[in-house]
Participant: 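Sharing a structure, written as structure tokens. Questions coming.
All figures in this text were calculated on a predicted structure; none of them were measured in a lab. We name chains A, B, ... by the order of the sequence lines, and we start the count at 1 in each one.
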Amino acid sequence: MATENKTAELTDIEQFRKDHGLAIKEERPLTTLNLGPTHPATHGIFQNILQMDGEVIVDAVPTIGYIHRAFEKIAERRPFYQITPLTDRMNYCSSPINNMGYHMTVEKLLGISVPKRAQYIRVIMMELARISDHLICNSILGVDSGAFTGFLYVMQEREHIYDIYEEVCGARLTTNMGRIGGMERDLSPKALHMIDEFLKRFPKVWAEFEKMLTRNRIFIDRTTDVGAISAERALSYGFTGPNLRATGVDYDVRVMNPYSSYEDFEFEIPVGSKGDTYDRFLVRNEEVWQSLKIIEQAYKNLPEGSYHADAPHYYLPPKQAVYTSMEALIYHFKIVMGEVDAPVGEVYHSVEGGNGELGFYLISDGGRTPYRLHFRRPCFIYYQAYTEMIKGGQLADAILTLSSLNVIAGELDA
Amino acid sequence: MELTNENVLGKIISEFGEENIWDAMNPDGIMTITTNRETIHKLVKYLRDDKELQISFLTTMCGIHYPGQGEKEMCMMYQKHSLRHNYRIRIKVYMPASDPVLPTLTDLYATANWMEREAFDFYGFKFIGHPNLTRILNIEEMEYHPMLKQYPLEDQTREDKINTYFGR
């Protein structure tokens, strides 16, 4: 029967090793070490059963699924708007990117074109989210190698990004700020001012953070040649995003398949060469600078016009309009009650998430809910390479490799 | 060579024959073709290795369930991407629910390992030759494949929830 209790078997280590085809060394016994499920260094709930020969990792069995919440199943029962909160909770370090990516997928299905102003506001929000994602990843990489100061220092800046989210949509972590067809509301003068302030202040902070780690002897020794992966293996593993670019492949969805007016902006794709932890750190650092460049351009050239498409059947009206206009009230009711059908179709849309190509594959059978919604979650795809990347290294290297991969449990399990 | 839907389809059909490739369509700009279980492994390998096409990146794969469709009840979707030509292609394989067996792609792509485990976990697809076809996101004790449409969202095996208390 397939229902045997696996955890009970774990007491029999030799049997476990045999079942999983793990190496058995005759001369001296290997140590089995559980890294996780909940450990401060695993950055989420997932387990790695390591086989250690002294300090060296011989083999590893990763186990995931501890916070699996069946998002793909839940999405099949929810009207299109009600799926947005599910996407927030995947990569919660950069939830606006997930939201916007999902909204763009539905817009593609419905054939809605979004006005330029809304597209630029989306770009600003997505790039702020990318900065916040990268600064968490890189600063925690510092913490894992023993440098706590940088983490506290840049965490303050994340607070400022969250303040901007709060001003734009009212929420800080699970943002939900977009709508199908545009934004919920326009950027207020205060929000614009806050973005301006951020653009002035943040470069200094980030330059200082970079100075602390980039040329730090200890940090370089701890990260160079740690958790390295070749470009060929990375492509076979389906890597995208900073982790792929660290190996030297310049694949970026924003450049290859531009969405939301990314073709209007000037920016570069930073690439590494060796694909080790230090390269991943440098690529993310540089991407933050490029994101700042994009925000600056979008902020300076923010077009006039509407912040949402003229699609009353699908665009959920702002609350103020619902209170004051009969039409908006009717459409609000119809959309919220899920009485609006989508056309029959099948779309795939991908955006460059904080971690890589975040794809949404949606099949609609003409009903009020998707027939099938599949998330291509970059973290799920990276994490299976983890075993290969840590083999032969030391335990301390495994910790750094994990934090530089930026595996986020919400996206891993979905 | 610039890849367009027409010449890619032409190349694939001349390689594998019209009896193995059918239902070519273009729902969202991505060419979608249907093939059979005998061809899928060879087709994916051909797309990867062909010098002209170089459609070598496996973006994603997932299962779909169409209850009551007989021979086409279960569907496995593969999506590939040519990073050189920026060309995407989607391949579908249909099969009856009584026999959801496919060849594995783990010998071609390392990433197929977990994707196939996910499809097995959610839909019960069996991949011949997969090194470790076990559940990945759900618990081992689960006795069904939860993404199949015959299982509504609520957990049908639970008896501690009474519908009247939850407004159902």
Side-chain angles (χ1 to χ4, degrees), chain A residues 1-7 20-21 61-70 72-74 76-78 108-109 233-240 249-251 256-257 344-350 357 359 361-363 365 371-377 380-385 388 412-414, chain B residues 25-30 32 48 56-66 75 77 79-88 90 92 106 108-115 117-119 121-123 131-132 134-144 146-149 151-155:
Chain A
M1 211 167 97
T3 59
E4 283 166 321
N5 191 350
K6 286 277 181 214
T7 44
H20 289 80
V61 179
T63 315
I64 64 164
Y66 287 95
I67 60 163
H68 172 50
R69 293 149 295 175
E72 289 181 6
K73 183 80 180 173
I74 296 173
E76 289 178 8
R77 285 285 293 270
R78 287 197 176 188
K108 208 170 179 181
L109 175 75
R233 284 305 285 164
L235 283 168
S236 174
Y237 268 115
F239 273 36
T240 45
V249 182
D250 64 339
Y251 173 52
M256 206 175 240
N257 294 304
V344 179
E346 182 175 348
V347 286
Y348 176 82
H349 182 75
S350 58
E357 179 172 348
Y361 174 61
L362 197 158
I363 299 179
D365 64 343
Y371 189 79
R372 173 83 168 97
L373 179 61
H374 173 70
F375 304 112
R376 185 212 190 258
R377 317 184 296 277
F380 180 75
I381 288 162
Y382 296 149
Y383 191 53
Q384 54 180 323
E388 191 178 304
L412 179 71
D413 289 349
Chain B
M25 53 177 177
N26 183 16
D28 59 334
I30 300 175
T32 306
R48 184 188 72 169
S56 54
F57 189 78
L58 182 65
T59 306
T60 190
M61 52 200 270
C62 73
I64 310 156
H65 185 212
Y66 297 101
C75 175
M77 188 279 291
Q79 192 166 310
K80 297 200 76 184
H81 189 184
S82 168
L83 297 184
R84 170 137 311 166
H85 302 290
N86 190 18
Y87 178 83
R88 291 180 194 271
R90 196 183 284 139
K92 286 182 174 177
T106 42
L108 303 178
Y109 288 99
T111 184
N113 191 322
W114 279 20
M115 291 184 186
R117 279 179 70 186
E118 197 186 22
D121 188 355
F122 284 161
Y123 287 94
N132 179 27
T134 49
R135 287 185 183 275
I136 185 161
L137 289 172
N138 292 306
I139 50 168
E140 286 285 321
E141 287 77 8
M142 205 172 217
E143 285 178 342
Y144 47 90
M147 285 286 281
L148 295 173
K149 291 276 182 187
Y151 302 111
L153 198 57
E154 290 294 325
D155 185 352

Participant: For B:Met61, which atoms come within 4.5 Å of any heavy atom of chain A: side chain, backbone, both, or neither?
Facilitator: backbone
Participant: Counting heavy-atom pairs under 4.5 Å with chain B, which one of A:Gly345, A:Ala70, A:Gly238 comes out on top?
Facilitator: A:Gly238
Participant: Can you say whether A:Arg377 sits under 4.5 Å from chain B via the side chain, the backbone, both, or neither, judging by heavy atoms?
Facilitator: side chain
Participant: So which part of B:His81 gets closer than 4.5 Å to some heavy atom of chain A, the side chain, the backbone, both or neither?
Facilitator: side chain
Participant: At a 4.5 Å cut-off on heavy atoms, which part of B:Phe122 comes close to chain A: side chain, backbone, both, or neither?
Facilitator: side chain
Participant: Got a second to check how far A:Leu373's CG is from B:Cys62's SG, nearest 0.5 Å?
Facilitator: 9.5 Å
Participant: One thing to verify: whether A:Glu357 and B:Arg88 come together as a salt bridge, which I'm taking to mean a side-chain N less than 4.0 angstrom from a carboxylate O.
Facilitator: yes
Participant: Using salt bridge (charged side-chain N to carboxylate O under 4.0 Å, His left out) as the criterion, list what pairs up with A:Glu76, not counting sequence neighbours.
Facilitator: B:Lys149
Participant: With chain A as the partner, which of B:Tyr66, B:Phe57, B:Trp114 has the greatest number of non-hydrogen pairs under 4.5 Å?
Facilitator: B:Trp114
Participant: Without hydrogens or angle criteria, can the side chains of A:His349 and A:Asn257 be said to hold a donor-acceptor pair below 3.5 Å?
Facilitator: no
Participant: Pick one of side chain, backbone, both or neither for A:Tyr251, based on which atoms fall under 4.5 Å of a heavy atom in chain B.
Facilitator: side chain
Participant: Tell me yes or no: between the side chains of B:Thr32 and B:Arg90, is some donor less than 3.5 Å from an acceptor?
Facilitator: yes
Participant: Is B:Ile30 in contact with chain A via its backbone, its side chain, both, or neither, using a 4.5 Å heavy-atom distance?
Facilitator: side chain
Participant: Need one label for A:Leu109: side chain, backbone, both or neither, based on atoms under 4.5 Å from any heavy atom in chain B.
Facilitator: neither
Participant: Select one option (side chain, backbone, both, neither) describing which atoms of A:Ser350 are under 4.5 Å from chain B's heavy atoms.
Facilitator: side chain
Participant: Quick one: do B:Lys92 and A:Glu346 make a salt bridge, cutoff under 4.0 Å?
Facilitator: yes
Participant: Counting neighbours of CZ on A:Arg69 that are heavy atoms of other residues, nucleotides or ligands and sit closer than 6.0 Å, is the number greater than 12?
Facilitator: yes
Participant: Does A:Ala385 have any side-chain contact (heavy atoms from CB on, under 4.5 Å) partners at least two apart in sequence or in another chain, and if so, which?
Facilitator: A:Ile229, A:Tyr237, A:Phe239, A:Met389
Participant: So for B:Pro131, is it side chain, backbone, both, or neither that comes closer than 4.5 Å to the heavy atoms of chain A?
Facilitator: neither
Participant: Relative to chain A, which of B:Asp121, B:Leu58, B:Ile64, B:Thr134 shows the most heavy atom pairs under 4.5 Å?
Facilitator: B:Ile64
Participant: Parallel under 30°, tilted from 30 to 60°, perpendicular over 60°: which one fits the rings of B:His65 and B:Tyr123?
Facilitator: perpendicular
Participant: What part of B:Leu108 lies closer than 4.5 angstrom to a heavy atom of chain A: side chain, backbone, both or neither?
Facilitator: backbone
